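The structure appears below as structure tokens.
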Amino acid sequence: MSYEPKSVADAAALLRAGKLCAFPTETVYGLGADATDADAVLSIYETKGRPRFNPLIIHCADLDMASMLADFSPLAARLTSFWPGSLTLVLPAKSGNGLADVATAGLDTVAIRIPDHPIALALIAAVGRPLAAPSANPSGRLSPTTAEQVRRGFAGKVPVLDGGPCRAGVESTIVRVEGERLVQLRAGAVAREEIERRLGVTVEVAEKDAAVAAPGMLASHYAPNAQMRLNAVPRDGEAYLAFGAAPQFGGLMRNLSPSGDLHEAARNLFSMLHELDAARVGVIAVAPIPETGLGEAINDRLQRAAAPRG
Ligand code: TXA
Ligand code: MG
């Protein structure tokens, strides 16, 4: 049985120390981590057994915190009238916002919300940093609406700050703001009609194929300019993304983890891809990555980055 936080202060101490802690929101329980701490965020993927780096919703305590992370267009600013509340906004990320790359899966957008729950708000404020939090269930299972469901789902291995049952019981509505266009990526606790009515705007619905469950498929997803060759040995003129003991290579190279540690590799993945791509090479050769543990997520992400572009 894991240590049970008895208060917001207990839970904040865990999160500040880079640990996970589940906490209540008005929608469902979230599995929280300090969104600026790459290792902590990676533990979310490991703990949930999430097979790929799906970007996470970043939970903020107030508008000041949110405005450090993303650019709010005038339309986005009007949508914040739903905060605190069950509306998640996908906005252009501010560069240098301090969020771990793995929290946003390397995208140049960020999904943000201010939850409408006194415990969640007090917790984020006590941590003093935004919290990344997917629903607190093992991947593929139902979202939990009580602390007991969270404990059962993770066999007692995840600390849970108990705040009683969640009010909404369904996840937040996710809307992407693209200039003057609003696109609903996931239906949720705030009805689309309610957004349209209150703001006098139209909210489009994303095509089924653009399902938010697979944002890696979205055209907006980060894909390097370079071609990618996977499971490869580098050739002259290519850049090389190595893993573990690497062959001699005279060209531009980064090593995801010289010691072959998948957690370290996952932590480095997006930033190293960005670095190699910034050098404007034609091809990035990538070493084989084992398909175990976080390797599954790393390989999924690499395959998406390597997929033919439409
Ligand atoms: O109610 C909720 O939203 C709960 C509570 C804990 O806040 N959280 C939640 O998180 O449902 P999660 O991880 O289960 O769902 C987040 C969804 C994912 O499907 C992800 O693809 C999408 O948000 N998402 C996150 N960032 C995105 C982005 N930049 N662009 C598009 N989709 C994004
Ligand atoms: Mg979920």
Side-chain angles (χ1 to χ4, degrees), residues 20-33 35 41 44-45 47-61 69-71 76 82-94 97 99-117 119-121 123-124 130-145 147 149-150 153 158 160-161 163 166-178 182-190 206 210-222 270 297 300-301 304:
L20 301 185
C21 184
F23 64 94
T25 81
E26 82 282 19
T27 57
V28 299
Y29 273 75
L31 183 59
V41 173
I44 290 180
Y45 292 100
T47 302
K48 280 184 67 92
R50 202 154 165 153
R52 55 176 120 84
F53 297 130
N54 232 348
L56 301 172
I57 295 174
I58 311 299
H59 297 69
C60 293
L69 305 181
D71 292 321
F82 281 91
W83 288 350
S86 312
L87 178 65
T88 294
L89 299 179
V90 175
L91 303 169
K94 272 201 167 123
N97 61 14
L99 294 175
D101 269 346
V102 278
T104 53
L107 295 174
D108 53 14
T109 54
V110 56
I112 304 182
R113 80 180 189 102
I114 299 178
D116 187 13
H117 195 293
I119 293 179
L121 294 175
L123 179 63
I124 303 164
L131 296 180
S135 48
N137 51 286
S139 191
R141 298 267 212 55
L142 288 178
S143 294
T145 56
Q149 287 166 14
V150 180
V158 167
V160 189
L161 181 60
C166 302
R167 205 166 65 230
V170 55
E171 288 94 338
S172 62
T173 303
I174 305 181
V175 169
R176 189 169 64 214
V177 185
E178 298 169 12
L182 298 178
V183 182
Q184 177 177 277
L185 302 180
R186 176 176 79 184
V190 173
V212 73
M217 303 294 200
L218 296 181
S220 63
H221 203 78
Y222 174 75
F270 294 112
D300 172 89
R301 194 61 199 79
R304 285 167 197 275

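When a residue number appears, it is its place in the shown sequence, counting from 1. Because the structure is predicted, anything quoted here is derived from the model rather than measured. First listed ligand is number 1; within each ligand, the first listed atom is number 1.
Atoms CG and OH, on N54 and Y45 in that order, are 6.5 Å from each other to the nearest 0.5 Å. Note that the CG atom of D116 and the CZ atom of F82 stand 12.5 Å from one another [nearest 0.5 Å]. Rounded to the nearest 0.5 Å, atoms CG (N97) and CG (D71) are 9.5 Å apart. Summarising the geometry, atom CD1 belonging to I114 is positioned 12.5 Å from atom OG belonging to S172; distances are rounded to the nearest 0.5 Å. Rounding to the nearest 0.5 angstrom, the gap separating the OG1 atom in T27 from the CG atom in L87 is 11.5 Å.
Listed by atom number, the atoms of ligand 1 under 4.0 Å from A133 heavy atoms are 6 (C), 8 (N), 10 (O). Per-residue contacts place N54 under 4.0 angstrom from the following atoms of ligand 1 (heavy atoms of the residue considered): 21 (O). Under a 4.0 Å criterion applied to the non-hydrogen atoms of H59, ligand 1 contributes the atoms 5 (C), 6 (C), 7 (O). Close approach of ligand 1 to A111 is summarised as follows: ligand atoms under 4.0 Å from at least one heavy atom of the residue are 25 (C), 26 (N), 27 (C). Less than 4.0 angstrom separates some heavy atom of I174 from each of these atoms of ligand 1: 17 (C), 22 (C), 23 (O).
Between T109 and R176 the shortest side-chain heavy-atom distance does not fall below 4.5 Å. Between I112 and W83, the closest side-chain pair of non-hydrogen atoms falls below 4.5 Å. By the 4.5 Å heavy-atom criterion applied to side chains, I174 and I57 are counted as neighbours. Looking at V183 and V175, their side chains never come closer than 4.5 Å, going by heavy atoms from C-beta outward.
Not close to ligand 1: R176, with no non-hydrogen atom less than 4.0 angstrom away. Assignment of T104 to the shell around ligand 1 is not supported, since no heavy atom sits closer than 4.0 Å. Residue contact check for ligand 1: P115 places no non-hydrogen atom closer than 4.0 Å to it. Contact between K48 and ligand 1 is absent, with no heavy atom of the residue lying under 4.0 Å from the ligand.
Residue T109 touches ligand 1 through backbone and side chain together, judged by heavy-atom distances below 4.0 Å.
By the 3.5 Å distance cut-off applied to N or O atoms, Y29 is not counted among the residues near ligand 1. Backbone and side-chain nitrogen or oxygen atoms of T88 are examined, and none is located within less than 3.5 angstrom of a nitrogen or oxygen of ligand 1. Considering backbone and side-chain N/O of T25, none are found under 3.5 Å from N/O of ligand 1. Here's the thing with E171: none of its N/O atoms is less than 3.5 angstrom from an N/O atom of ligand 1.
Nearest-residue assignment for atom 13 (O) of ligand 1 (options P24, G188, P144, P134; heavy-atom criterion): P134.
Checking each of H59, R113, R167, H117 against T25 for a side chain to side chain donor-acceptor pair (under 3.5 Å) leaves exactly one that passes, namely R113.
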